[in-house]
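Okay, structure first, notes after.
The model shown is predicted, which means the values in this text are computed figures rather than measured ones. Every chain is numbered from 1, with letters handed out A, B, ... down the list of sequences.
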Protein chains: 4
Amino acid sequence: MSRVLTADPETGRRRNNASRDAILEATHTLLEEAGFDKLSLEGVAARAGVGKATIYRWWPSKGALAMEAFLRAVAPTIAFPVTACARDDVTTQIHKVAKAYRGKAGRIIREMIGLGQFEPETMRLFVDGYLEPRRSAAKAALQRGIEQGEWCRAIDLDIVVDALYGPIFHRLLTAHAEIDARFIDAHVNLVLDGIGNSKTA
Amino acid sequence: MSRVLTADPETGRRRNNASRDAILEATHTLLEEAGFDKLSLEGVAARAGVGKATIYRWWPSKGALAMEAFLRAVAPTIAFPVTACARDDVTTQIHKVAKAYRGKAGRIIREMIGLGQFEPETMRLFVDGYLEPRRSAAKAALQRGIEQGEWCRAIDLDIVVDALYGPIFHRLLTAHAEIDARFIDAHVNLVLDGIGNSKTA
Amino acid sequence: MSRVLTADPETGRRRNNASRDAILEATHTLLEEAGFDKLSLEGVAARAGVGKATIYRWWPSKGALAMEAFLRAVAPTIAFPVTACARDDVTTQIHKVAKAYRGKAGRIIREMIGLGQFEPETMRLFVDGYLEPRRSAAKAALQRGIEQGEWCRAIDLDIVVDALYGPIFHRLLTAHAEIDARFIDAHVNLVLDGIGNSKTA
Amino acid sequence: MSRVLTADPETGRRRNNASRDAILEATHTLLEEAGFDKLSLEGVAARAGVGKATIYRWWPSKGALAMEAFLRAVAPTIAFPVTACARDDVTTQIHKVAKAYRGKAGRIIREMIGLGQFEPETMRLFVDGYLEPRRSAAKAALQRGIEQGEWCRAIDLDIVVDALYGPIFHRLLTAHAEIDARFIDAHVNLVLDGIGNSKTA
DNA sequence: AAATAATCGAGACGGTACGTCTGGTCTTACC
DNA sequence: GGTAAGACCAGACGTACCGTCTCGATTATTT
């Protein structure tokens, strides 16, 4: 992440990690307090006790900084349950995700995806740092189910994962309906039952 | 939309519709040319040959203005096909949507949803002006299918519609995978086949 | 001074004179307190309760602003004495100038001339607003002396005025020697006695 | 100039004269090209291939560096003519000075005096390194004239020198009038004729 | 027709944040 | 220990827009 190293970085003073940490921490705090829209680099610099130039030296945009701060705070929490029944694992995990998205995490993720619409590179950071790791974990759980005979071998896991999570993101982002437990149950059943029945997926 | 009229405005000069049109047209043009991020009310006012105050008099925010300009340009194009087979109607329409989202319309819609993350009221405009009309049309098509016996009566149409369109918005917004015809086919089959099989939806 | 009026200034909101006054006053205060080097437009804007853009709208540079603030505060104080003897008038006035230059006014004038070295337009303001009015007054006094027969008619007044005041500015600016009363007396006598004796001036 | 060496500098690496020369040369070049205002230590360091710290180690300020670079380039050129007639010597030399000030040297000297208004120490360097050597040479020429009976013994040479050169600096700095040959002739005659006539100088 | 009233284009205003630049200091690896 | 490189904190620079506010002129409706 951060900067592309050019030429010979073997000389001169080294990057100060204390500054780096202070900047990311200040960014995360301000993001939680006021949201991305109110986030200003001026404010981050002031709170982190850092010159603005130091931020510009290492991050190409406000979005990239916010995204990295978000990822650093959220990345460690993937955790997929592993029990005998893969379907239960998936169902349980989706309920957990739904609950998280109803809370404070929901707003930040909405904003990260929102800002990603205006900076392709920032969206790339989100996909690589947040989305893909979680998609991989979900695909692994589904794969376990296939190997245990819960679903047929022919299904395209990418499409199933999108079918499972896409509608949740959709409701998160457009707020046209609640992401409550009733919805999750009905939705997951629709998709997971569909897998067995589909001729082409 | 626009302003709530208070009291009795029966006297005085009436709102100038030429200005209104010029503003919305300028906004739409600038949106297409440069994107929402580069859109400035100063620029809109200059291009429309209008005072800034005139914009502020009638729209509460930059987002609301952009959304109205977007809706005005896009709204007329709903059109759901009606043939003997509802499943074919749905499939055909989703392919059309996917194709549109791969083009210029895709970027604008992504940006409208993106900016909606930071202005709830603006998102409301999007849902009411764009999303719900299209959801209603989709639900009507599905309802025709049910009445013709293509699917069972027990399904919750809102959940099916989300299952159908959610993943497309998901891919539109996060760009983690293409919205190509292959994907659409596999995805639609998965969901529509699943309807019949699901015990709870 | 200030801006060159372009196009049609008959439309739009008019310039706010209260702002203008606040800006010039704040500038003068800060100039006296800390000197031109420490003067920042940011500081002026803050103290005057004014947006920075308002300053940039009306003054082309920090120097021009400082100069106008200086001139406005200093301009009214020209006053040449008028008695029966022009030589006494000149001598008295130069002593007064010297005394002023030894004090706070001296530092500001030094700085105004100093900054004028880097901005020709600002120097022009100083010459037109400060120097020339005082040179004219001095020439008028000398002219009275000529008409009263104190000096011969042939002298070039511009050269005499430079001979009288140039050395004082020289000492003010380079500080290679004091501008005390002894020096003034000797210097003025040298020049004014010289007038009568010179064959070419 | 530069640093006072304290204690015993016999240990450690010695000062690198190549660096010193490169710095002064780069400074002088940039001064001539763009003027003092555009001069930045960052630029000097880059052009001289030197670290900024090396400059700060040996010069206390940007002004001191510029002044030393100026003095090094200009210092050697004093040269007062010596003929039988001291008055001619003075006149000839002043004409030469005036000619130099009308050219490129004029701008640099103006700027050196200008910056000296904001840094007393830098002005001191100018006076000691430039002004006083030239004043001494002028006083020596005048002294020769006195000893040859061209002027009376009673005159205060400092005052005469100021009377001769002050107006030239005045015109150089405020540009209220040209420093042409006509002016120089009239001015020098006024002052040198005045010497004989003055009762008090 | 006159009086009243809300609209309009224009643009100045107080602000906030931007991204850049420079000043001076400190750190690192090398010589 | 001096040096080149370059990261660091600090803070002013000049610009771009924001949303608000006067202006004088225009356009309807009401009297």
Side-chain angles (χ1 to χ4, degrees), chain A residues 7-16 18-20 38-46 48-58 60-62, chain B residues 8-16 18-19 22 38-46 48-58 60-62, chain C residues 7-16 18-20 22 38-46 48-58 60-62, chain D residues 9-16 18-19 38-43 45-46 48-58 60-62:
Chain A
D8 185 346
E10 312 254 331
T11 186
R13 184 175 175 175
R14 294 296 189 266
R15 181 172 185 181
N16 183 347
S19 292
R20 182 196 155 91
K38 307 279 182 197
L39 186 73
S40 74
L41 290 196
E42 215 119 286
V44 171
V50 138
K52 279 199 290 176
T54 301
I55 303 182
Y56 283 106
R57 212 190 321 271
W58 300 110
S61 71
K62 194 172 90 159
Chain B
D8 188 341
E10 313 250 333
T11 186
R13 185 175 176 175
R14 292 299 189 265
R15 180 171 185 182
N16 184 346
S19 291
K38 308 280 182 196
L39 187 73
S40 74
L41 288 194
E42 219 120 280
V44 171
V50 139
K52 280 201 291 176
T54 302
I55 303 181
Y56 282 106
R57 211 190 320 271
W58 301 109
S61 70
K62 192 172 91 158
Chain C
D8 184 347
E10 312 257 330
T11 186
R13 184 173 174 178
R14 296 297 189 272
R15 179 170 187 182
N16 183 346
S19 293
R20 181 197 157 91
K38 308 280 183 196
L39 186 73
S40 74
L41 290 196
E42 214 120 284
V44 171
V50 139
K52 278 200 290 177
T54 302
I55 303 181
Y56 283 107
R57 210 186 325 268
W58 300 109
S61 71
K62 195 171 89 158
Chain D
E10 312 254 332
T11 184
R13 184 169 173 179
R14 291 300 187 278
R15 179 170 184 182
N16 183 344
S19 291
K38 307 282 182 197
L39 187 74
S40 75
L41 288 195
E42 221 117 280
V50 137
K52 278 201 292 175
T54 302
I55 303 181
Y56 282 107
R57 208 188 321 276
W58 300 109
S61 71
K62 192 170 93 158

Rounded distance in Å - [atom1] ([X]) to [atom2] ([N]):
X: C:Arg15; N: E:dG14; atom1: CZ; atom2: P; value: 11 Å
X: B:Glu42; N: E:dG15; atom1: CD; atom2: C1'; value: 13 Å
X: B:Leu39; N: F:dA16; atom1: CG; atom2: P; value: 17 Å
X: A:Ile55; N: E:dT20; atom1: CD1; atom2: C1'; value: 14 Å
X: B:Leu41; N: F:dT20; atom1: CG; atom2: P; value: 11 Å

Taking all non-hydrogen atoms of both residues into account, name the closest pair between [X] and [Y] and its distance.
X: B:Lys62; Y: B:Leu41; result: CG-CD2, 4.2 Å
X: B:Ala45; Y: B:Gly51; result: CB-C, 4.4 Å
X: B:Ala22; Y: B:Ala48; result: O-CB, 3.6 Å

Euclidean distance, C:Ile55 CD1 relative to C:Arg20 CZ, rounded to 0.5 Å: 13.0 Å
I want to check one thing: is the phosphate of [N], taken as OP1 and OP2, less than 4.0 Å away from some side-chain N or O of [X]?
X: B:Thr54; N: E:dT7; answer: no
X: D:Ser19; N: F:dT3; answer: no
X: D:Arg57; N: F:dG2; answer: no
X: B:Trp58; N: E:dC8; answer: yes

Along DNA chain E (nearest heavy atom to each residue), the more 5'-positioned of A:Tyr56 and C:Asn16: C:Asn16
First of D:Pro60 and B:Gly51 reached from the 5' end of DNA chain E, by closest nucleotide: B:Gly51
Touch class at under 4.0 angstrom, heavy-atom based, for C:Gly43 against every strand present: nothing
Restricting to nitrogen or oxygen on both sides, can you table the protein-nucleotides 21-25 of chain F pairs closer than 3.5 Å?
from   : atom 1 : to      : atom 2 : distance (Å)
F:dC21 : O2     : C:Arg13 : NH1    : 2.9

Toward the 5' end of DNA chain F, by each residue's nearest nucleotide, C:Lys62 or B:Ser40: C:Lys62
Cation-pi check, A:Arg15 onto A:Trp58 ring (under 6.0 Å, within 45° of axis): yes
